2 protein chains.
Amino acid sequence: MKNSKIIDVARIANVSPATVSRVLNDSPLVTKETQSKVLKAIQELNYTPNAMGKQLRSRKTMTLGVVVLDIGVSYHAEIIKGIEQRANAMNYKILICNSQNEKKKELEYLSLLQNRTVDGIILVAPMLSDEEIAAFAGEGYTIGVIGRRLGHPNIPCSTTDNWKIGRDVVTHLAANGHRRIAFLNGYEEALDSIERLQGFKEGLAAAGLPFLSTLVEKGEFSEDGGYAAFCRLWEESGDFTAVFAANDEMALGVYKACFEYGIAIPDRMAVVGVDNIRITNYVSPKISSVEQPLYELGALLADKVIDQINGNLQQGQRNFMVDSRLVVKGSSQKGADSK
Amino acid sequence: MKNSKIIDVARIANVSPATVSRVLNDSPLVTKETQSKVLKAIQELNYTPNAMGKQLRSRKTMTLGVVVLDIGVSYHAEIIKGIEQRANAMNYKILICNSQNEKKKELEYLSLLQNRTVDGIILVAPMLSDEEIAAFAGEGYTIGVIGRRLGHPNIPCSTTDNWKIGRDVVTHLAANGHRRIAFLNGYEEALDSIERLQGFKEGLAAAGLPFLSTLVEKGEFSEDGGYAAFCRLWEESGDFTAVFAANDEMALGVYKACFEYGIAIPDRMAVVGVDNIRITNYVSPKISSVEQPLYELGALLADKVIDQINGNLQQGQRNFMVDSRLVVKGSSQKGADSK
DNA sequence: ACTATCAATGAAATCGATTTCAATATCCTT
DNA sequence: AAGGATATTGAAATCGATTTCATTGATAGT
């Protein structure tokens with residue numbers, strides 16, 4: 001009743017442990033009769049196989065480790081749901097580790113997971129450098145990354161098409177008559193930032209507008225960061241009618257600044273963010289934003305990592321890009337909120 | 001270089017595996033010299049012990065399983081952070097499972113985790129009945145619950161003081177002159193609901209106000225639920241000046257309804273919610289709410305569960321209650337938002 | 001100087017499953 | 001009816017660590 005082992009089942013069913021194991025793993029080599037004998041014994045003892053013994057022998061844990069920057073960010077939570085759902089469908093469990101914006105913790109978790117506790121690791125928006133990540137993959141581990149694109153041949157990555165995001169936003173703003181569009185970028189070095197800036201420029205060019213480096217300001221990916229960046233830009237030039245914020249948090253910062261400066265949105269200032277987080281629909285006017293298929297971002301990579309674990313991922317293709325969708329709301333178009 | 005085992009280390013260091021194991025586990029029974037020999041060998045091989053072998057023998061995983069209703073809910077994410085932080089401090093890892101509001105998944109995860117994959121399990125806001133949970137604990141497993149209070153002698157639980165929440169809110173509203181206060185409750189059967197209703201009554205009594213069952217309406221713990229409940233109440237009586245919503249989501253629903261009915265907040269209707277989620281500060285006016293120490297709720301229970309695993313939890317005390325704090329904002333007091 | 005005690009180490013059993021390989025039983029084929 | 005192929009089963013090795021128990025060598029007590 002307490003903790004029965006395979007040998008107890010074997011004794012009761014009057015067979016060998018090997019046979020019990022075969023039944024447990026649906027081997028075709030057992031008679032219906034023995035199978036039912038064993039199953040009955042299993043039921044009787046309420047037996048469940050010990051995971052450790054099983055894993056030790058089979059060298060598999062059927063578990064994926066997920067190291068995430070901050071589980072409290074809805075953005076990340078959604079990605080995790082995608083990973084989990086797909087992993088579960090393929091009989092994998094996931095072990096979530098929260099690095100809480102600390103690079104040190106991220107490293108610790110990575111080594112921790114490596115001691116064969118998991119079959120593969122997925123990093124969500126890691127802080128580690130490409131080289132550091134690659135070093136882990138070099139040790140023979142399966143690692144995947146979401147939100148970054150490393151050139152490593154053994155590390156599958158899933159990302160959003162950042163260029164498209166930049167182009168789409170600019171195109172939308174230009175179509176609404178804006179000719180001087182500011183860009184509040186995130187960290188300069190972040191791949192997201194670089195690519196979106198590029199898309200931003202492409203969009204300007206396509207709309208026949210000049211690119212003005214004075215209208216680009218960088219800042220932290222946070223409400224405060226957006227607030228500060230907007231203030232700097234406004235104080236310096238003040239000569240723009242629309243802002244493209246690198247994410248919705250920054251856009252919220254812009255709202256705060258505009259409120260304080262008495263700048264009306266969208267009449268005197270159009271605002272567009274990225275991520276389409278829930279809050280964008282609760283402020284007034286609602287914030288236009290670019291929706292990323294977060295769930296898919298996670299599910300896709302889980303798929304690829306599991307493929308790689310099973311050796312089913314063909315060489316060559318390692319970067320997977322998902323599409324995005326601009327959601328136009330009141331912050332960038334008059335009357336868009338009413339419905 | 002690839003996967004070295006303890007015996008490889010032993011060979012290089014010219015000792016037995018047993019000695020290596022002793023070094024790994026800081027046994028006092030090794031000379032400084034042997035220790036350094038072994039450590040050097042470990043470094044040389046870049047050896048890390050295989051988790052499965054270790055766990056199999058020591059019958060410990062140093063892992064806590066956490067089954068959570070919905071990882072996307074910021075409320076839950078915060079609790080998890082508390083669990084994780086404390087668990088990490090005591091050298092435990094956590095394995096998070098997302099039951100996604102499905103009782104079936106919750107059960108599956110629970111059995112899954114039970115096969116000795118984890119040393120203990122924490123359920124966050126479980127859907128399972130007390131009896132179902134108790135059944136698992138009966139099998140000799142360590143289980144803890146957050147957000148419910150079961151009478152089971154072996155199941156530590158951490159909860160908020162719901163009575164106090166009810167009393168505090170009513171006291172605040174009564175102090176602001178409200179005499180007819182509606183209560184939008186969650187599921188009637190939920191312990192939270194029952195206790196808050198009780199606190200609500202106590203608060204009324206303390207303020208010398210009568211309890212009117214016509215001013216209590218139940219609904220789902222969601223924005224839509226709050227919306228619907230408020231509408232029913234408003235259509236039926238319409239005779240109240242303040243609403244106490246069981247959580248902030250419901251309060252948001254109340255906002256939506258008030259907007260549609262053209263009821264001004266807080267002038268014609270005061271609103272108070274529970275949880276103090278982020279959005280409450282982004283709507284206008286900001287929503288007064290009761291802040292629960294979520295992080296602490298998690299950390300506390302992690303502590304207790306680990307104590308129980310190690311047999312250090314004395315019998316008797318099993319229910320741990322944490323305090324809450326009413327945050328008054330513009331939705332229930334004029335001018336409270338300005339600063 | 002001789003034995004009792006203790007510290008340090010190693011050999012081997014062990015955790016609980018899977019898996020290989022050998023053994024048996026059964027069924028065809030000619 | 002005999003030999004060979006095939007389907008089931010079991011015995012034993014194995015995964016990689018920990019841990020018990022025995023052994024050795026050293027120290028101390030008388």
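All of these numbers come straight from a predicted model, not from anything done at the bench. The chains referred to below are lettered A, B, ... by the order of the sequence lines, with proteins before strands, and numbering in each begins at 1.
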For A:Val15, report the nucleic acid contact type (base, sugar-phosphate, nothing); a contact means any heavy atom under 4.0 Å.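 Sugar-phosphate only.
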Remember a base hit wins even if backbone is also touched, and classify A:Val30 as base, sugar-phosphate or nothing at under 4.0 Å, heavy atoms.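 Sugar-phosphate only.
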Phosphate oxygens OP1/OP2 of [N]: is one of them under 4.0 Å from a side-chain N or O of [X]?
X	N	answer
A:Lys54	C:dA17	no
A:Asn50	C:dC15	no
B:Thr19	C:dG10	yes
B:Thr34	C:dT9	yes
A:Thr31	D:dA7	no

Residues B:Glu132 and B:Ser129: side-chain donor-acceptor under 3.5 angstrom: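 A donor-acceptor contact under 3.5 Å links the two side chains.
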Classify the side chain of B:Arg59 and the base of C:dG16 as holding, or not holding, a donor-acceptor pair under 3.5 Å.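 No.
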Any N or O donor-acceptor pair under 3.5 Å from the base of D:dT19 to the side chain of B:Arg57?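 It does not, because no donor-acceptor pair links the side chain of B:Arg57 to the base of D:dT19 below 3.5 Å.
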Thinking salt bridges, do B:Asp130 and B:Arg148 make one under a 4.0 Å N-O criterion?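 Salt bridge between B:Asp130 and B:Arg148, a charged N being under 4.0 Å from a carboxylate O: yes.
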Is the closest basic N to carboxylate O distance between A:Lys37 and A:Glu33 below 4.0 Å?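 Result for this pair is no, no salt bridge flagged.
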Of A:Gly53 and A:Asn14, whose closest DNA chain D nucleotide lies nearer the 5' terminus?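 The answer here is A:Asn14.
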Side chain of A:Ala18, heavy atoms from C-beta onward: which of D:dT18, C:dG10, D:dA11 has the nearest atom to it?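 My answer, after comparing the listed nucleotides, is D:dA11.
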Show the numbers, then the answer: is there a side chain to side chain contact (heavy atoms under 4.5 Å, CB included) between A:Leu301 and A:Ile83? CA-CA 7 Å; A:Leu301 197 71; A:Ile83 297 174; 6.0 Å; no
